Colleague: 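I'd like to ask you about the structure that follows.
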Amino acid sequence: MVLLLFLFVSWVWSKIKFGVIEAPEQSTIKTRFSHYKLTLFCCLGLSLFNLVLCLLNLFHWYKNGWSDEKIVTLLDLGLRALAWLAISVYLHTHVSISKFPILLRVWWGVYFSMSCCFLVIDFLSNKKGQSLETQVLVSDVIATIMGLVFSFVGCLGKKESEEILLFKEPLLNGVEPNKSNVGESVAPCSNASGFSILTFSWMGKLIGLGYKKALDLEDVPQLAGVDSVKGAFPVFRNKLESDSGSGSRITTIKLVKALVSATWREILLTAFLALVYTLASYVGPYLIDTFVQYLNGRRAFKNEGYLLVSTFFVAKLIECLAQRHWFFRLQQAGIRARAVLVAMIYNKGLSIFVPIEARAHYWYMHYPWLVVLQVALALVILYKNLGLASVATLVATVLAMLVNVPLGRLQEKFQDKLMKSKDKRMKGTSEVLRNMRILKLQAWEMKFLSKIIELRNAESRWLRKFMYTNAVTAFVFRGAPTFVSVVTFGACILLGIPLESGKILSALATFRILQEPIYALPDTISMIAQTKVSLDRIATFLSLDDLQHDVVEKLPRGSSDTTIEIIGLLFVGTVGSGKSSLLSCILGEIPKISGTIRLCGTKAYVAQSPWIQSGKIEENILFGRDMDREKYDEVLEACSLKKDLEILSFGDQTVIGERGINLSGGQKQRIQIARALYQDADVYLFDDPFSAVDAHTGSHIFKVMKDGRITQAGKYNDILNSGSDFMELVGAHKEALLALDSTVAGSVSDKSTIGKENGGECDKKEEAGHGQNGNTDDIVGQKGQLVQEEEREKGRVGLSVYWKYITTAYGGALVPLMLLAQCLFQLLQIGSNYWMAWATPVSKDVEPPVSGSTLITVYVTLAIGSSFCILARALLLAMTGYKTATILFNKMHYCIFRAPMSFFDATPSGRILNRASADQSAVDLSIPYQVAAMAFSMIQLLGIIAVMSQVAWQVFIVFIPVIATCIWLQQYYIPSARELARLVGVCKAPLIQHFAETISGSTTIRSFDQEPRFRDSSMKLIDGSSRPSFYVAGAMEWLCFRLDMLSSITFAFCLVFLISVPTGTIDPSVAGLAVTYGLNLNMLQAWVIWNLCNMENKIISVERILQYTSIPSEPPLVIEENRPDSLWPSHGEVDIQNLQVRYAPHMPLVLRGLTCTFPGGMKTGIVGRTGSGKSTLIQTLFRIVDPDAGQVLIDGISISSIGLHDLRSRLSIIPQDPTMFEGTVRSNLDPLEEYTDDQIWEALDKCQLGDEVRMKEGKLDSTVAENGENWSMGQRQLVCLGRVLLKKSKVLVLDEATASVDTATDNLIQKTLKQHFSDCTVLTIAHRITSVFDSDMVLLLDHGLIEEYDSPSRLLENKSSAFAKLVAEYSTRSSTSFEK
């Protein structure tokens, strides 16, 4: 009482003293005494122990009578429980105190002394022969041990400090910190109390927040240091490096050791918890026979019933705690292992060029030894009850396991094939999404969809085999306990071992537990094999050779007059003449065979194919450097980017889509150049940097490559005078300019005026505003940023999602049959167990109601019937799940392929790939079983309730409020779990995208020495992906722990009721059956709620797929009643009438009433500034975007009145970025398989590629790598030319078609077009004025209106025309360059 009074006064004083003082707004250091968590846990344990003793005595004495001594004892126990609880609360609320209060330490000392005295008295009394209650002795022993602990802690405890993040002082600029930004706070589990960790209460704050509002990523706390990749990765990497040494290979064993070093604490802890769980789970089956005999009147001592109930209850509590923490710690270790593996793979990907997938199966880590332990414990219990019949149990168990082995191998084989075929499909899908624009322009998208469907069909064959094998495995899994029980009971009858109901019920409970190791062993073997395969792949990948670090000898800035020196060097390069390979050599990207390269100072690199990172334009230019506004503005001016940024509503803060999707080719190239210039490097390496801008020649050093060797090197004039190859290139450029000389002579003299009028912005006029992409810059600003945060549903998953999923296959007709099969299984299962309990005597001296043969015959019949119900259910589930997955896949992919191009422009491919991979895998392999498990577990729970209520209907007194509480907890938990599950899906896409983006730009990243920054970014994204996963696991265990506690209370109440009723009131056998089922009550009750929650989490994958089945579609591909003639267009006249185009109803017009006619058989050049509408006009022609008003007629037919494929298949286009697909030369030229080999060879010869292809081993079937990487840029463009030569359309569009090739290749293309398309309508957008000048007509656009439209000669005659100025400037610069 004194202690309670002191604690109360201390609490009031702290409130008075500190309550009026505002919390300090600064970081503080909280100190906590050592062994704090141990002390708190011991206090809580003592409080609970005294409370249990108090309640047991209360029940016992209420039944047997009261006395004054008993009332005093009850009050004493209650006061003890209250006192220890008060100390626990005091410690929990005074976590920051520096030391224990003196009164508390004195009281602990007195408590220990008195406990020792009482224990000595107990022993002396026992020696004198005086009777001593067991509970008194146990109480005194525990009190003495606890007193010793408290005395030790109170006397020797030292302070330890722990930094706790509190509110920080506001910044001087007045910006208040974002107090709601929980995502930046310390991980709640890192500073939680022992009780909070034990009960997962540290998750309460996040779950409470999720109940009030939809969680966003910033609401999710950070990971603890040990769980973050930044904390775990150094340990993993150091261990791997120390084991591997400097030169040895990384092996799977070394990889496993490194993973263990990063998670060894969790591994040891979960091993201990798994052991405790296993031992606790066998307590129930061991004691059931004793409990049945107790109910039958056979009692060993007075309070045996209460001791049995307490043992059942405590074992359940221990089982619950051990299982919950075992599962959570395993998931924690798995998340950490995955994070470090992904980080290691990413780092390796930065130094080579191959990505790989990481998988870590931690779930089955302890199963190999647990299976042995579980079987051994089961045999001990069975031997105690059934004697030698346990040998038959062992044989039957081994047989059941052996049956599972081939099934496990089949599953492993099918899953391996399934994953490989899925990888192929995802690779194909990724390639298609990258090149969707060209597919739509060529009307190839449905052909490529059919290829993806073919890949899916190959995958589906393995999926079907896997699911049906899974169905058979489920049959074996559910049938194994029945099989083992039949063999065991049959052996008992043959051996003459008497069967009693208690022993049978104990055996049945044991068989149910044996079900887990029988199923787990083959599954564990399979998982071990899968993990080994995955780790072997990762180890092989990590063992690949990095780029040679000694290829380039780097010298400090200013240490040499020579910037780059190459001595006697021999490199191995790719196809083509070797220009790009030389730059790769200087960058150290190609393995060196011999020779030396010396590079003095820093370097910057501009690749031939622009690599633009997703993010803001400003971030792309700064590329990790600090902002220097003056220098930044100079770079923008030098790269002619200021005008472009003015057009964009967000300027340089505009978010660039994936691969620069919302930028033109010229803009991407100039941003690349700006990025290089801003680095202020000593050496600039440009790989055809002006291909998309203009053709500049200068007096710098040229190295012309041929057949991989330097054929000429020197100053411009020196090489020019030497003739040979360089002269050919320059000659081609001069030849292109000759046609200009006579016409432009007058205009050239006005060059100074022209320069002033154009303000140095002539590059803009030469460029196409939107190049390949078409979704123009002028539309981005109107609707906000093009690339938005990924859309995710919020709130409860609608019932319509479940209904659509259930009724997708066969209209849901098989679902009632599955439910019927499960109900029959449950009835037969309960019936068989009820039969065994009823038909066997309670004890030896009772006559059995039926003979042994009848007993076993009926049991076998019921068992076989229940097993076949399971087989039918499993097969129906596999059939329905497979059909549903196939239908959803086909629907989603059809809708994606039929989506308008604007969808792909605004949606990063990572989001689509995430649905096609992770979400589709969930629909394939998880969701059918999850939805079924929910329904089946509910039926099982109802069966258990029916059995228990038959024995003791009074259990409903507790069961109803417990179920209500469970439902409330589920409703409280599910909003947070649902949003966390959605965030898991949302957070995967950025990581996938960053990985792919890094791999594609690895050369650029390495050339700027930016690897550390990108590694840091990847670690943040990995942690961002791990965060929701970690808290999903924590939230699930938070719920399951509470459900387990509630169901344990229900079970305990049922047991207390059974021992409280008079003997003979209830049939002991049936009561024992109720207890047997009640042992699974907590697991099944939690299983129902867990399945309900997990189903809602998993069904989100269906919701996400259904999102993509409702994407707005393009107009019809074919309109049967309005199909054009097979020869259309025969003339090729394009008539544009009052054409008005906008990209969305709320946006302004991009084309504002164009009216003109492109005569059939004539060549028209289209020029204009960035944003003038050139690409919009081309898009409208192909109906990538439909007109808002007006129309386009081709040979008198409105293009809006016919199907998209009828239109696009009759037009041809050579795009700016030459695209090739993985496959063969034939499939790249003729993907629709419409032409003969002779026609293909003819087209190849016309585009000058025939000889090149004939030299290849496979000829037309020679391999084309992904993205055509084994073909040079120029060769890829010639392949695109070959496609249009095959197609022979009357209307041809060149969309900056020669931007990425040299002048000689450009001339070759132009000559080929003149020769073979002389009678066709050719529309050209080009940077090189020579291409446009050669046209019959020139169309000059300005802000969506026609500024000039006439023949080039007439426009040039007018010296003040915009086109004349453009040509004059081009000629001036080119001529000046040659003169230099």
Side-chain angles (χ1 to χ4, degrees), residues 438 441-443 732 735-736 739 768 1124 1126-1136 1156-1167 1174 1177-1178 1181-1182 1192 1194-1195 1199 1207-1216 1218-1219 1228-1230 1232 1234-1235 1238-1250 1274-1301 1303-1339 1351-1352:
I438 190 65
L441 290 170
Q442 301 278 12
E735 182 184 333
S1126 59
L1127 299 177
W1128 179 87
S1130 56
H1131 187 53
E1133 181 180 86
V1134 180
D1135 186 18
I1136 300 173
C1156 64
T1157 301
F1158 302 139
M1162 295 183 70
K1163 188 174 181 182
T1164 303
I1166 305 171
V1167 293
K1174 303 184 300 297
L1177 179 58
I1178 298 304
L1181 186 63
F1182 282 84
V1192 178
I1194 300 180
D1195 283 1
I1199 62 171
L1207 170 66
R1208 293 170 183 171
S1209 62
R1210 309 294 178 89
L1211 308 180
S1212 291
I1213 185 169
I1214 301 180
Q1216 175 186 353
T1219 304
N1228 268 276
L1229 283 165
D1230 182 26
L1232 302 182
E1234 295 176 330
Y1235 304 102
D1238 291 339
Q1239 289 173 309
I1240 294 173
W1241 280 117
E1242 183 184 351
L1244 285 171
D1245 288 331
K1246 287 177 182 177
C1247 64
Q1248 308 296 314
L1249 279 177
Q1275 288 170 329
R1276 280 180 254 169
Q1277 195 64 284
L1278 292 174
V1279 169
C1280 294
L1281 175 61
R1283 289 174 186 155
V1284 300
L1285 288 167
L1286 265 179
K1287 205 170 182 182
K1288 297 176 182 174
S1289 298
K1290 272 292 181 181
V1291 178
L1292 171 63
V1293 176
L1294 307 180
D1295 190 1
E1296 307 178 77
T1298 57
S1300 302
V1301 298
T1303 313
T1305 308
D1306 183 9
N1307 289 346
L1308 171 62
I1309 292 174
Q1310 297 300 334
K1311 285 178 182 176
T1312 306
L1313 292 174
K1314 280 181 186 177
Q1315 183 178 350
H1316 300 287
F1317 291 90
S1318 57
D1319 59 341
C1320 297
T1321 304
V1322 180
L1323 307 179
T1324 305
I1325 297 174
H1327 294 304
R1328 295 188 174 104
I1329 298 302
T1330 53
S1331 303
V1332 179
F1333 177 75
D1334 196 37
S1335 304
D1336 299 308
M1337 300 289 287
V1338 171
L1339 175 68
S1351 66

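Computed from a predicted structure; not experimentally measured. The analysis underlying the following values was restricted to heavy atoms, covering all of them including side chains, and did not include hydrogens, waters or symmetry mates.
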Colleague: For Leu1207 and Ile1194, what are the C-alpha separation, side-chain angles and deciding distance, and is it a side-chain contact (heavy atoms from CB on, under 4.5 Å)?
Modeller: CA-CA 10 Å; Leu1207 170 66; Ile1194 300 180; 4.2 Å; yes
Colleague: Once rounded to the nearest 0.5 Å, what's the spacing between atom CD1 of Ile1325 and atom CD1 of Ile1178?
Modeller: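 Ile1325 CD1 to Ile1178 CD1: 4.5 Å, rounded to 0.5 Å.
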Colleague: Does anything in residues 1276-1289 form a salt bridge (Lys or Arg N to Asp or Glu O under 4.0 Å)? List the pairs, not counting sequence neighbours.
Modeller: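 Output for this query is empty, none listed.
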Colleague: Can you confirm whether Leu1285 sits close enough to Phe1317 that some side-chain heavy atom of one is under 4.5 Å from a side-chain heavy atom of the other?
Modeller: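 Leu1285 vs Phe1317: side chains touch.
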Colleague: Go through the structure and list residues passing side chain to side chain contact (heavy atoms under 4.5 Å, CB included) with Glu1242, not counting sequence neighbours.
Modeller: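 Partners of Glu1242 by the side chain to side chain contact (heavy atoms under 4.5 Å, CB included) criterion, ordered by chain and then number, come out as Lys1246.
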Colleague: With side-chain contact (heavy atoms from CB on, under 4.5 Å) as the test, would you mind laying out the steps for Leu1249 and Val1279 before giving the verdict?
Modeller: CA-CA 8 Å; Leu1249 279 177; Val1279 169; 3.6 Å; yes
Colleague: Please list, chain by chain and in numerical order, all residues satisfying side chain to side chain donor-acceptor pair (under 3.5 Å) with Asp1336, sequence neighbours excluded.
Modeller: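 If we apply the side chain to side chain donor-acceptor pair (under 3.5 Å) test to Asp1336, skipping adjacent residues, there are no hits.
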Colleague: Sequence neighbours left out, what passes side chain to side chain donor-acceptor pair (under 3.5 Å) with Thr1164? Give chain and number order.
Modeller: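 Applying side chain to side chain donor-acceptor pair (under 3.5 Å) to Thr1164 gives none.
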Colleague: Mind checking whether Ser1289 and Leu1211 have side chains closer than 4.5 Å, heavy atoms only?
Modeller: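 Result no, sub-4.5 Å side-chain heavy-atom pair not found.
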Colleague: So, using side chain to side chain donor-acceptor pair (under 3.5 Å) as the criterion, who are the partners of Thr1321 when residues are at least two apart?
Modeller: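 Result, side chain to side chain donor-acceptor pair (under 3.5 Å) vs Thr1321: none returned.
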Colleague: Check the pair Leu1244 / Leu1229 against side-chain contact (heavy atoms from CB on, under 4.5 Å), numbers first and verdict last.
Modeller: CA-CA 9 Å; Leu1244 285 171; Leu1229 283 165; 3.5 Å; yes
Colleague: Looking at residues at least two apart in the chain, or sitting in another chain, which of them share a side chain to side chain donor-acceptor pair (under 3.5 Å) with Asp1195?
Modeller: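 Counting only residues at least two positions away or on another chain, Asp1195 forms no side chain to side chain donor-acceptor pair (under 3.5 Å).
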Colleague: Test Phe1158 against Val1291 for side-chain contact (heavy atoms from CB on, under 4.5 Å), laying out the working first.
Modeller: CA-CA 10 Å; Phe1158 302 139; Val1291 178; over 6 Å; no
Colleague: Applying side chain to side chain contact (heavy atoms under 4.5 Å, CB included), can you list everything that pairs with Thr1219, at least two apart in sequence or on another chain?
Modeller: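 Testing Thr1219 for side chain to side chain contact (heavy atoms under 4.5 Å, CB included), a comparison that skips the adjacent residues, returns Asn435, Ile438, Phe1221.
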Colleague: Quick one: list whatever passes side chain to side chain contact (heavy atoms under 4.5 Å, CB included) with Gln1315, sequence neighbours left out.
Modeller: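 Once residues adjacent in sequence are excluded, Gln1315 has no partner under the side chain to side chain contact (heavy atoms under 4.5 Å, CB included) criterion.
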Colleague: Let me confirm one number: the OG1-CG distance from Thr1157 to Asp1135, rounded to the nearest 0.5 Å.
Modeller: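 Here the rounded value is 4.0 Å.
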Colleague: Nearest 0.5 Å please: distance from the CG atom of Asp1319 over to the NE2 atom of His1131.
Modeller: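 Answer rounded to 0.5 Å: 10.5 Å.
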Colleague: Taking the side chain as everything from C-beta on, heavy atoms only, tell me whether Leu1323 gets closer than 4.5 Å to Leu1177.
Modeller: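 Not touching, per the 4.5 Å side-chain cut-off.
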